[in-house]
Structure formats: structure tokens, C-alpha cells
Amino acid sequence: MRADKIITFVTHGKEEYDDNTGDYVVTDDILSEVYAYVTDTGTDRMAALYGGIRQYAKTIRVNDVIDGAFDHVLIDGRKYKSDRRKIYRHKTVLEVSGV
């Protein structure tokens with residue numbers, strides 16, 4: 001398995017109260033880039049997972065454990081949401097679909 005594509009996990013910034021101005025300020029998004037093996041999800045797998053065919057479904061395999069929270073994934077500038085995450089001993093498999 002070749003992890004040759006860089007993907008980005010995006011976590012939205014938190015809203016914090018600023019005592020000086022009296023306003024709520026949103027912090028910057030947290031971006032985390034990792035190398036992954038990205039493939040299109042097969043039709044049999046999509047039928048089992050979603051009950052039908054999705055146009056932008058991908059399977060992502062990362063050679064590391066990704067157990068933290070994130071809001072979405074960027075692959076080649078396109079936004080994907082996580083539908084399923086399976087953590088194995090030394091790797092993580094994500095099933096994602098386009099937003």
C-alpha cells in the first residue's frame with residue numbers, strides 16, 4: 001500500500017469570549033496534513049455502507065492511528081465528511097463522502 005497523497009484533517013476553531021472587546025472571537029481552523037492511500041469506494045461496499053451509490057465516495061487508509069476529532073477532510077481541495085472510521089492497531093481506515 002502506497003501512501004502517496006496528502007490529505008488534510010480540518011477542525012473548526014473554537015468560539016472564545018474576549019474580555020477586552022466584549023465580543024466572541026472564533027479562532028483559526030486547525031489543519032493537520034498526513035500521507036494516505038486514497039481510492040474510490042467500490043460499488044459493493046457503497047451498497048452495504050450507504051444503501052446505494054454515492055458519486056464522491058472514497059476510502060482512505062492512513063498508516064497511523066487517527067483517533068482525534070475533526071470536522072471534515074480535504075482531498076485535492078475538495079471537502080469530504082467522514083461516514084465511518086475504523087481504527088486498527090497501527091492504521092486507520094476512513095469511509096468518506098463528498099459534501
Side-chain angles (χ1 to χ4, degrees):
M1 176 172 69
R2 179 186 296 216
D4 58 350
K5 186 170 290 272
I6 294 178
I7 64 170
T8 305
F9 292 99
V10 179
T11 305
H12 295 303
K14 294 182 180 180
E15 191 174 87
E16 297 176 350
Y17 181 74
D18 187 4
D19 292 330
N20 297 331
T21 62
D23 294 329
Y24 283 92
V25 179
V26 178
T27 59
D28 293 333
D29 290 347
I30 300 168
L31 306 176
S32 176
E33 293 183 339
V34 296
Y35 280 96
Y37 180 61
V38 180
T39 58
D40 291 328
T41 304
T43 55
D44 293 339
R45 182 74 180 149
M46 275 192 275
L49 199 64
Y50 305 116
I53 303 296
R54 293 221 177 157
Q55 188 173 6
Y56 297 110
K58 303 261 186 216
T59 300
I60 302 171
R61 294 171 184 88
V62 180
N63 289 328
D64 198 7
V65 175
I66 308 294
D67 59 353
F70 59 90
D71 293 309
H72 62 271
V73 180
L74 291 176
I75 304 171
D76 295 331
R78 186 171 182 85
K79 191 184 210 181
Y80 292 87
K81 67 176 179 136
S82 176
D83 296 324
R84 181 178 179 270
R85 180 181 353 186
K86 182 68 176 172
I87 298 174
Y88 296 100
R89 188 172 182 185
H90 297 291
K91 66 180 178 178
T92 304
V93 177
L94 296 162
E95 301 286 344
V96 297
S97 60
V99 176

Subject >> Apart from I6 itself, residues in the same hydrophobic cluster as defined by side-chain heavy atoms under 4.5 Å >> reply: Y35
Subject >> Exam field: side chain D64 to backbone K91, donor-acceptor pair closer than 3.5 Å >> reply: no
Side-chain atoms of residues 20-30: list all donor-acceptor pairs with protein atoms under 3.5 Å, sequence neighbours left out, distances to 0.1 Å.
unit_1, atom_1, unit_2, atom_2, d
T21, OG1, D18, OD2, 3.3
T21, OG1, D23, N, 3.3
T27, OG1, K14, N, 2.9
T27, OG1, K14, O, 3.3
D29, OD1, G13, N, 3.2

**OP:** Mind checking side chain to side chain donor-acceptor pair (under 3.5 Å) for T39 and listing every partner two or more places apart, or none if nothing turns up?
**Re:** R61
Subject >> Qualifying residues under salt bridge (Lys or Arg N to Asp or Glu O under 4.0 Å), relative to K81, sequence neighbours excluded >> reply: D83
Original post:
Could you give all pairs that pass the salt bridge (Lys or Arg N to Asp or Glu O under 4.0 Å) test and reach residues 34-52, with sequence neighbours left out?
Top reply: D40-K58, R45-E95
Subject >> Shared-cluster residues of V96, by chain and number - hydrophobic side chains joined below 4.5 Å >> reply: I7, F9, V34, V38, Y56, I60, V62, I66, F70, V73, I75, Y80, L94
Original post:
Other hydrophobic cluster members with L74, side-chain heavy atoms of Ile/Leu/Val/Met/Phe/Trp/Tyr under 4.5 Å, chained?
Top reply: V10, L31
**OP:** Please name all residues satisfying side chain to side chain donor-acceptor pair (under 3.5 Å) with R54, sequence neighbours left out, ordered by chain then number.
**Re:** S97
**OP:** Measure across R85 and G68 and return the closest heavy-atom pair with its distance rounded to 0.1 Å.
**Re:** NH1-O, 2.9 Å
**OP:** Would you please name every residue forming a side chain to side chain contact (heavy atoms under 4.5 Å, CB included) with D67, sequence neighbours left out?
**Re:** V65, I87
Original post:
By side chain to side chain donor-acceptor pair (under 3.5 Å), which residues pair with T92, not counting sequence neighbours?
Top reply: none
Original post:
Less than 4.5 Å apart, any side-chain heavy atom of H90 and any of Y88?
Top reply: no
**OP:** For K5, enumerate each residue passing the side chain to side chain donor-acceptor pair (under 3.5 Å) test, keeping only those at least two apart in sequence or located in another chain.
**Re:** D76
Original post:
In Å, rounded to the nearest 0.5 Å, how long is the span from NE2 of H72 to OG1 of T8?
Top reply: 9.0 Å
